[in-house]
Amino acid sequence: MSLVRSQTERGVATLTLDSPSNRNALSTGLIEELLAALAAAEADDAVRVIVLSHTGPVFCSGADLKETAEAFGKGRPPINRLGEVLAAVWESGKPVVARVGGPARAGGLGLIAAADLAVCTLDATFAFTEVRIGVIPAVISATVLPRLSPRAAAELFLTGETFGGARAAEVGLVTAAVDASSLDATVDAYVAALVRGAPGALAGTKRLLRRRKADTFRDDVAELTELSVGYFGSAEGVEGIVAFREKRPPNWIPDGA
């Protein structure tokens, strides 16, 4: 049975974690299937946005601890490949939206933080429980720490306490927390906005959001000016401006979007 289901429609690839029997834990099998699905979506020019979703009441419970316990001394535990998944999401040239309709823990939080946008339900719960089982949230800190304020990170990482959707939005772990009845509509609204962006411009904007500034303000502005001029002169930039002046949709918007 597949642990990750993939469906593409109108420029949107929805990748669904489908291992509810173990709360969508990040087993080696699920990680491998998710990496393959992400790579396929990345390579498909028809895909403009990637949505990470799930079946069952839990978004993702983190690393598969049963497999982890059995693997030590015998093979590679799943945690060894968690970084590959986070990197695939974080570095994707396409916007990634996490649809979180239930609890997430540990590695699941790293996955949510790696996504560009994340929407959860108000009754979803979260916790960085690593310290309570004698480990640390090392790998996931690569994606989580850029999202959280230092004070919030210290509190949540050190205490391991559970918090809800509203707090997750407050500290920046998710973009928005909504009633369960509004989850799909909110995700759909973000997706509808994202598919209107030019693919190259979206990828470039993602890089812009994560770029390191030059040493001085003038050097930084010079680099950004060169970058801006390049996009204005690109095929997408020319098409976008012409489409705006002709009051028509640009040619990159998928049919039916």
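Quick note: numbers below take in every heavy atom, side chains included, and nothing from hydrogens, waters or symmetry partners.
A heavy-atom distance below 4.5 Å is found between the side chains of Leu35 and Glu84. For the pair Gln7/Val12, no side-chain contact is recorded, criterion being any heavy-atom separation below 4.5 Å from C-beta on. Looking at heavy atoms from C-beta onward, Pro95 lies out of side-chain contact with Leu117 at the 4.5 angstrom threshold. No side-chain heavy atom of Leu111 sits under 4.5 Å from any side-chain heavy atom of Thr143. The side-chain heavy atoms of Asp184 and Arg99, taken from C-beta on, include a pair separated by under 4.5 Å. The closest side-chain heavy-atom distance from Pro137 to Val144 is not below 4.5 Å. Counting only heavy atoms from C-beta outward, the side chains of Ser141 and Phe157 approach each other to under 4.5 Å. In this structure the side chain of Leu30 never reaches within 4.5 angstrom of the side chain of Glu33, judged on heavy atoms.
The environment of Leu224 atom CG is dense: over 12 non-hydrogen atoms of other residues, nucleotides or ligands sit within 6.0 angstrom. Around CD of Glu226, the count of heavy atoms belonging to other residues, nucleotides or ligands within 6.0 Å does not exceed 12. Under a cut-off of 6.0 angstrom, the local environment of CZ in Arg245 is sparse, with at most 12 non-hydrogen atoms contributed by other residues, nucleotides or ligands.
To the nearest 0.5 angstrom, Leu17 atom CG is 8.0 Å from Ser53 atom OG. With rounding to the nearest 0.5 angstrom, the CD atom of Glu223 is 10.0 Å from the OG1 atom of Thr225. Note that CD1 of Ile112 and CZ of Arg147 are 11.5 Å apart. Values are rounded to the nearest 0.5 Å. Taken from CG in Leu82 to CD1 in Ile31, the straight-line distance is 6.0 Å, to the nearest 0.5 Å. With rounding to the nearest 0.5 Å, the separation of CG in Asp116 from CG in Leu194 is 8.0 Å. For the atom pair Glu91 CD and Arg210 CZ, the distance stands at 9.0 Å (nearest 0.5 Å).
Counting only N and O atoms by type, the side chains of Thr216 and Asp219 include a donor and acceptor under 3.5 Å apart. For Thr16 and Asp18, the side-chain atoms include no donor-acceptor pair closer than 3.5 Å. Arg5 and Thr14 share no side-chain donor-acceptor pair at under 3.5 Å.
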Take Val119 and Val174 through the test side chain to side chain contact (heavy atoms under 4.5 Å, CB included) and record every step on the way to the result. CA-CA 6 Å; Val119 183; Val174 301; over 6 Å; no

With salt bridge (charged side-chain N to carboxylate O under 4.0 Å, His left out) as the test, would you mind laying out the steps for Lys94 and Asp44 before giving the verdict? CA-CA 11 Å; Lys94 301 175 181 183; Asp44 187 349; 6.0 Å; no

Applying side-chain hydrogen bond (donor to acceptor under 3.5 Å, both in side chains) to Thr121 and Asp123, what does each step give before you reach the verdict? CA-CA 5 Å; Thr121 57; Asp123 59 1; 2.8 Å; yes

Val85/Leu26 under side chain to side chain contact (heavy atoms under 4.5 Å, CB included): CA gap, chis, key distance, verdict: CA-CA 10 Å; Val85 175; Leu26 296 168; 5.7 Å; no

Please evaluate residues Val242 and Arg248 with respect to the criterion side chain to side chain contact (heavy atoms under 4.5 Å, CB included), reporting the C-alpha separation (whole Å), side-chain torsions for both, the decisive distance (0.1 Å), and the verdict. CA-CA 9 Å; Val242 170; Arg248 61 171 175 81; 3.7 Å; yes

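Pairs passing the ring pair (Phe, Tyr, Trp, His ring centres under 6.0 Å) check and including a residue from residues 160-209, sequence neighbours excluded, read Phe126-Phe163.
Under a hydrophobic clustering in which Ile, Leu, Val, Met, Phe, Trp and Tyr are joined whenever their side-chain heavy atoms come within less than 4.5 Å, directly or via other members, Ile253 and Val47 fall into different clusters. Hydrophobic clustering, with ILVMFWY side chains joined whenever heavy atoms are under 4.5 angstrom apart, keeps Val51 apart from Val58. Hydrophobic clustering (ILVMFWY, side-chain heavy atoms < 4.5 Å, transitive): Val89 and Leu34 are in one cluster. In the hydrophobic clustering of this structure, Leu109 groups with Leu145; members are Ile, Leu, Val, Met, Phe, Trp, Tyr whose side-chain heavy atoms approach within less than 4.5 Å, directly or through other members. Both Val139 and Leu173 are members of a single hydrophobic cluster when ILVMFWY side chains are connected at heavy-atom separations under 4.5 Å.
The shortest non-hydrogen separation linking Ala177 to Gly165 is CB-O, 3.3 Å. Summarising the geometry of Leu183 relative to Gly101, their closest heavy-atom pair is CD2-CA, 3.7 Å, with the distance given to 0.1 Å. Taking each heavy atom of Gly102 and Ala124 in turn, the nearest pair found is O-CB, 3.6 Å. In this structure, His54 and Val100 approach most closely via the heavy-atom pair NE2-C, 4.0 Å. Here the shortest heavy-atom pairing between Gly160 and Ala127 reads O-CB, 3.9 Å. Shown here for Asp64 and Ser27, the closest heavy-atom pair between the two residues is OD2-CB, 3.6 Å.
Under the 3.5 Å distance criterion, the side-chain polar atoms of Lys206 are matched with a main-chain donor or acceptor of Ser92. Counting only distance, with no hydrogens or angles, the side chain of Ser61 and the backbone of Arg23 share a donor-acceptor pair below 3.5 Å. Within the 3.5 Å criterion, the main-chain N or O of Ala115 finds no donor-acceptor partner in the side chain of Trp90. For Thr175 (side chain) and Ala118 (main-chain N/O), a donor-acceptor pair under 3.5 Å exists by modelled atom type. Listed for the Glu236 side chain is no donor-acceptor partner under 3.5 Å among the backbone atoms of Tyr231. One N or O on the side chain of Asn24 and one on the backbone of Thr55 form a donor-acceptor pair closer than 3.5 Å. The backbone N or O of Ala201 lies less than 3.5 Å from a partner atom in the side chain of Thr205, making a donor-acceptor pair. Looking only at distances, no side-chain donor or acceptor of Arg105 sits under 3.5 Å from a matching main-chain atom of Glu130.
When Leu158, Leu156, Thr162, Thr159 are each tested for a side-chain contact (heavy atoms from CB on, under 4.5 Å) with Phe128, only one passes: Leu156.
In summary, Glu155 and Arg167 engage in a salt bridge, as defined by a charged side-chain N under 4.0 Å from a carboxylate O.
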